[in-house]
Amino acid sequence: MLILGLESSCDETAAAVVKNGRRILSDIVASQFEIHAPYGGVVPELASRAHVVHIVPILSAALESAGVTLDEIDGVAVTQGPGLVGALLVALQVGKAIAYARDIPLVGVHHLEGHLNAVYLEDDAPPFPHLALVVSGGHTSLLRVNDHSEVIELGATRDDAAGEAFDKVAKLVGLGYPGGVAIDRLAREGNPEAVPLPRAMTAKHTADDFSFSGLKTAVLNHVRKHGVPEGRSLADLCASFQATAVEVLVRKTRKAARRQRLHHVQICGGVAANSLLRSEMRRAGEEDGFDLYVPPPKRCTDNAAMIAAAGYYRFERGERAGWDLNASASLPLPGPKA
Ligand code: KG4
Ligand code: ZN
């Protein structure tokens, strides 16, 4: 089954062709970093407009790169939510139009379900059930993944998402948008113990929840007191911030794995591209005896191959969306069966 995946929930316009939910024939992503960079964050109206401009060329590029035409596509999978409604609607309407005109089935996919399925495009994919840490610009959640259609949220951030904290700290110290990659790179040259920063949500009743706003404020206070650092001091601040954020993410993930008695853990979402998070989580797995699964960095960040992969399992279950499929800013995860 050849599935066309489409994604436009935030600031990436993406299209991909995936065979049987596993083999990527093409995976094209157009980022809008330059459009949003001057504002230090995503401007929803500009994102929607850029998606409108990019979606058809990206779709054509995905078909061409896969060496197929729309005649060969068996189904369309599109991100339905959560995300920016004006942005989501662009890929959703294009997907709907293709499915209607070609008389092929359509499914809507939850964006996090997409992230969770990115690792199923790899040879080494986690069995069910497993624990997932989803860390992106919009989400930070610990999930128990019972199968492709049953995901239980154990905990989530009470305020900022992990990626949002990376982006806000990067903006604060003048590293531009999005700042996760820049912090990751600079932190390699810094001392992670140079600036002591707080670790939040250490109490038992908040064991699976996260909070990153206190950490962000601590960095802000440091900058207010000492000024925006440069050179070595900037690298030290980046390394200290990153080490603190990663320590919290790893500690909570290993505790959740223990409590849930899960021996397979995946990390996904944009922040899973972070080099320290990848290496620290791997070390935790070796110490605690869980197997770690992480998509390659380019499929941690938003892409449409993961949407096509998630869509494949929905098609397999016999799901079909109606022509009334609509974008939803706060779509719930595919939950436990009644
Ligand atoms: O999954 P994603 O592409 O979009 C959302 O669904 O939000 O995640 C984007 C986030 C941004 O906040 C970006 O700064 C962060 O992922 N990110 C990173 C790295 N690469 C991307 N954060 C830390 N280290 C990285 N290497
Ligand atoms: Zn995402």
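Every value quoted in this text rests on a predicted model; they were computed, and no experiment measured them. Positions are given from 1, in the same order as the sequence printed here. Atoms within each ligand, like the ligands themselves, are counted from 1 in listed order.
- Among protein heavy atoms, atom 26 (N) of ligand 1 sits closest to Asp184 OD2, 2.9 Å.
- Using modelled atom types, one finds no donor on one side chain facing an acceptor on the other under 3.5 Å when comparing Asp291 with His130.
- Looking only at atom types and distance, the side chain of Ser213 has no donor-acceptor partner in the side chain of Asp160 under 3.5 Å away.
- Here the protein heavy atom with the shortest distance to atom 2 (P) of ligand 1 is Asp302 OD1, 3.4 Å.
- Of all the atoms in ligand 1, the ones that sit under 4.0 Å from a non-hydrogen atom of Asp167 are 11 (C), 12 (O), 13 (C), 14 (O).
- In this structure, the side chains of Phe210 and Leu142 come closer than 4.5 Å at one or more pairs of heavy atoms.
- Using the six-membered ring where Trp is involved, Tyr177 and Phe33 have ring planes that are perpendicular, over 60° apart on the 30 and 60° scheme.
- Checked by atom type and distance alone, the side chain of Lys252 pairs as donor or acceptor with a backbone atom of Asp209 at under 3.5 Å.
- If you number the atoms of ligand 1 from 1 as listed, the ones under 4.0 Å from a heavy atom of Gly163 come out as 12 (O).
- Ligand 1 has no N or O atom lying under 3.5 Å from any N or O atom of Ser275, backbone or side chain.
- Among the atoms of Pro178, none of the N or O lies under 3.5 angstrom from an N or O of ligand 1.
- Looking only at distances, no side-chain donor or acceptor of Asp159 sits under 3.5 Å from a matching main-chain atom of Thr157.
- Residue His115 has at least one heavy-atom neighbour below 4.0 Å for each of these atoms of ligand 1: 1 (O), 6 (O).
- Side-chain contact, Glu45 with Ser48: no donor N or O sits under 3.5 Å from an acceptor N or O.
- Rounded to 10°, the angle formed at the Zn ion (ligand 2) by NE2 of His115 and OD1 of Asp302 is 100°.
- Atom 10 (C) of ligand 1 has Gly137 N, 3.5 Å as its closest protein atom, hydrogens excluded (heavy atom only).
- Without hydrogens or angle criteria, Asn20 side chain to Arg23 main chain gives no donor-acceptor distance under 3.5 Å.
- Near Gly138, with a cut-off below 4.0 Å to any heavy atom, the atoms of ligand 1 are 7 (O).
- Contacts between His111 and ligand 1, counted as non-hydrogen atom pairs separated by less than 4.0 Å, involve the side chain only.
- Taking atom 24 (N) of ligand 1 as the reference point, the nearest protein heavy-atom neighbour is Asn274 ND2, 3.0 Å.
- Centroid-to-centroid, the aromatic rings of Phe166 and Phe241 come within less than 6.0 Å.
- When only modelled atom types and interatomic distance are considered, His111 and Thr79 share no side-chain donor-acceptor pair under 3.5 Å.
- Looking from atom 22 (N) of ligand 1 to the surrounding protein, the closest heavy atom is Gly180 CA, 3.4 Å.
- The protein heavy-atom contact nearest to atom 21 (C) of ligand 1 is Gly270 O, 3.3 Å.
- Nearest N/O/S atom of His111 relative to the Zn ion (ligand 2): this is NE2.
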